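A quick note: this is a predicted structure, and the numbers were derived from the prediction, not measured. Numbered from 1 within each chain, the chains take letters A, B, ... in sequence-line order.
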Amino acid sequence: MVELPDKRTAFIDWYLAVVEAANLSDKRYGIKGMNVWTPYGFRARRNLDRVLVREIEATGSQGVEFPALIPATEFAKEKEHIKGFDAQVFWVTKGGATELDVPLVLRPTSETAMYPIFALWVRSHRDLPLNVYQIVNTFRYETKTTRPFVRVREIHFFEEHTCQLDEARATERVRSNLGAFRRMAASLALPYLAVRRPKWDTFPGADYTIAFDLPLDGVRTLQLGSVHHYRDNFSIPYGIRYEAPDGSTHAVHQTTFGLSERLLGAIVGAHGDQRGAVFPSEIAPYEVVIVPVVAGAGGTAVARAAEDVAEELRRAGRRVVLDDGDERPGAKYFRWELAGVPLRLEIGPRELEHGQLTSVDRLGRKASVARASAPADVARRLEELDAELVRRALDGLRSAIAPAARLEELTGSKQVRVLGWCGDEACGHEVERAIDGALLGTPEEPLPVPFAAPTSCIACGRTDGVRTALAAQPM
RNA sequence: GGGACUGUGGGGUAGCUUGGUCCAUCCUUCGGGGUUCGGGACUCCGAGACGCCAGUUCAAAUCUGGCCAGUCCCA
């Protein structure tokens, strides 16, 4: 009976209400930023993981799993890296009552867990490339406000780590990751901006970072994930070296690619509406909900038909939930819409009589379909829904981008602003002060809306060496 | 790191200023019964809370202190 807060004027309240009402996550665990995956949310997570695994393995990556604890001595080997994470690691300092001689870090990310082992695995050029990924939980002592999926202390983390022969091959791997992410995002019906971060916002220890940003409805911009080129910054301190055919030895060049359950938050934030969550079919915990409309006595035939349809769809590989509880149909519609199920099939005496089903997608589009062709029709309607979600999200992204020619235009802006930047850090920070946010960086791929390339730096006015840059308020 | 604020059933709340009228209000939720059932049904019965520990007091949800948890602002 509770109305959701308004998505446009109270986004955060709306987001939290949807996550709770859709029963995706239980935040009552009692440790800040550590939430419980509910059965419903866990289904979404498993579907997300399946997409990530499918796409990364298609690029020749293999799954591995490293331990969660890292000896402090290993953690400290790369100076920039430890500086970047020092303030937000959880430490394990005792075993039982005994103080540990070497304290252990609960991984905030796994470079320092993996790379000593990579040094053992990589001996020859024949061992390269080494492309491995893992999906594990990582831990960061976040001091700011945490939000389910979007900012948490226990992160459900996808991380690919690779070792390549040289700088150029590592660059190729970065390209390959950008392609993999394009396909992953397509499965989530999410558009995004691929942006090369400025030096001061590069991942600790990386040579450069390309991040994927999604502005949410003129609210704030969410980073969906990132790809990093490490050059030999880690391989030298960790001794990851190989012998080339000519007998010379070289440090490998490395890349990483990181994503998390934040993608689920992005799906809620990007696709959700005033009626609740909206899941694209690949991620949806259930793709189809079947609601039998059982009026009075004729009920058993309807109930049996609903079970038959559910069974038939399941055999066709669909994730189906049959809601045969004794609530009234309207209450069921309401709940499943809140939960974001893409497609609802109604079956009652009317449908039974005509050998039909009534199908209503999550955007409210209604159709009558022959019961005999239900699996094919469901497949088609889910595709149509996904396509429409992409269209809407892309429209949203386009309208969230606007050019800016003067610093004053940035003040209070909720959009991603396209501007000219000379590349100087000082000018970058001026932009960040003006927009009270971040200079996201320079677009790595064409923007979804074409803009005339800026000719002068928005901060200092210089015209030489000017590049197109983006600024926004990150979430 | 500095500061401000908050904590009442599963969720949201009233009560707190001025201690007693509180075996704690209302909505929702949950269990059971009946009537219902094509867009959040109605009704009857029932369940469920003062974050924790100490203190002040004849008396504490209410005042004080500590702790725990959370939120916001600033660096």
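Sequence neighbours left out, not one pair with a member in residues 350-390 of chain A passes ring pair (Phe, Tyr, Trp, His ring centres under 6.0 Å). For residues 345-355 of chain A, the pairs satisfying salt bridge (charged side-chain N to carboxylate O under 4.0 Å, His left out) are A/Arg344-A/Glu346, with sequence neighbours left out. Within the structure, no pair that satisfies the salt bridge (charged side-chain N to carboxylate O under 4.0 Å, His left out) test touches residues 134-156 of chain A, not counting sequence neighbours.
Taking atom CD on A/Glu142 and atom P on B/U71, their separation rounds to 11 Å, with Å as the unit. Here the P atom of nucleotide B/U29 and the CD atom of A/Glu327 are 9 Å apart, to the nearest Å. Spacing between atom CZ of A/Arg328 and atom C1' of B/C37 amounts to 5 Å, rounded to whole angstrom units. One atom, CG of A/Leu4, and another, P of B/G12, lie 15 Å apart when rounded to the nearest Å. In this entry the distance linking CG of A/Asp326 with P of B/C42 reads 16 Å, nearest Å. In this entry the distance linking CG of A/Leu352 with C1' of B/G38 reads 14 Å, nearest Å. One can place CG of A/Asp323 at 18 Å from P of B/C37, the figure rounded to the nearest angstrom. The distance between atom CZ of A/Arg147 and atom P of B/G70, rounded to the nearest whole Å, is 14 Å.
Under the Watson-Crick or G-U wobble criterion, with both distances below 3.5 Å, B/G70 is paired with B/C5. Base pairing annotation: B/C58 forms a Watson-Crick or G-U wobble pair with B/G20, both donor-acceptor distances under 3.5 Å. Searching all strands for a Watson-Crick or G-U wobble partner of B/U13 with both distances below 3.5 Å returns nothing. When both distances must be under 3.5 Å, the Watson-Crick or G-U wobble mate of B/A41 is B/U35. Partner assigned to B/G65 is B/C53, using Watson-Crick or G-U wobble distances below 3.5 angstrom. In this structure, B/G46 and B/C30 make a Watson-Crick or G-U wobble pair, each of the two defining distances being under 3.5 angstrom. Summarising the base pairing, B/U25 is matched to no nucleotide, lacking a Watson-Crick or G-U wobble pair whose two defining distances lie under 3.5 Å.
Figure legend: cation-pi geometry between A/Arg196 and A/Tyr208, with NZ or CZ positioned under 6.0 Å from the six-membered ring centre and within 45° of its axis.
For the P atoms, the distance from B/C16 to B/U6 is 14 Å, rounded to whole Å. Nucleotides B/G12 and B/U17, compared at atom P, are 24 Å apart to the nearest Å. Rounded to whole Å, the separation between the P atoms of B/U62 and B/C53 comes to 13 Å. Look at the P atom in both B/A24 and B/C50: the space between them is 11 Å, to the nearest Å. The same atom, C1', is picked in B/C23 and in B/U64; the two are 27 Å apart, to the nearest Å. Rounded to the nearest Å, the gap between the P atom of B/U8 and that of B/U13 is 8 Å. Atom name C1', nucleotides B/G55 and B/A60: the rounded distance is 11 Å, in whole Å. Nucleotides B/C74 and B/G11 place their C1' atoms 32 Å apart, quoted to the nearest Å.
In the interface, the side chain of A/Glu346 is not paired with the base of B/G39 through any donor and acceptor atom under 3.5 Å apart. If you check distances only, the side chain of A/Glu20 never reaches the base of B/G10 with a donor-acceptor pair under 3.5 Å. The base of B/G39 does not come close enough to the side chain of A/Arg335 for any donor and acceptor atom to sit less than 3.5 Å apart.
Residue contacts for A/Arg275: at a heavy-atom cut-off of 4.0 Å it reaches a base atom on one of the strands shown.
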* **CA sep, side-chain torsions, deciding dist, call: A/Phe257, A/His228, ring pair (Phe, Tyr, Trp, His ring centres under 6.0 Å)** => CA-CA 6 Å; A/Phe257 177 14; A/His228 314 286; 9.3 Å; no
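Each of A/Lys144 and A/Arg344 has a nearest nucleotide on RNA chain B; the 5'-most of these lies closest to A/Arg344.
Residues passing the salt bridge (Lys or Arg N to Asp or Glu O under 4.0 Å) test with A/Glu160 are A/Arg173, sequence neighbours excluded.
Within a 6.0 Å sphere centred on CZ of A/Arg8, other residues, nucleotides and ligands contribute 12 heavy atoms or fewer.
Annotation for A/Pro204 and A/Phe85: closest pair CG-CE1, 4.1 Å, computed over non-hydrogen atoms.
For the segment residues 24-40 of chain A, residues with any heavy atom less than 4.0 angstrom from an atom of RNA chain B are, sorted by number, A/Arg28, A/Gly30, A/Ile31, A/Lys32.
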Return a table of donor-acceptor pairs under 3.5 angstrom between the side chains of residues 185-195 of chain A and protein atoms on other chains or two or more places apart.
unit_1   : atom_1 : unit_2   : atom_2 : d
A/Ser187 : OG     : A/Arg54  : NH2    : 3.1
A/Ser187 : OG     : A/Glu282 : OE2    : 2.7

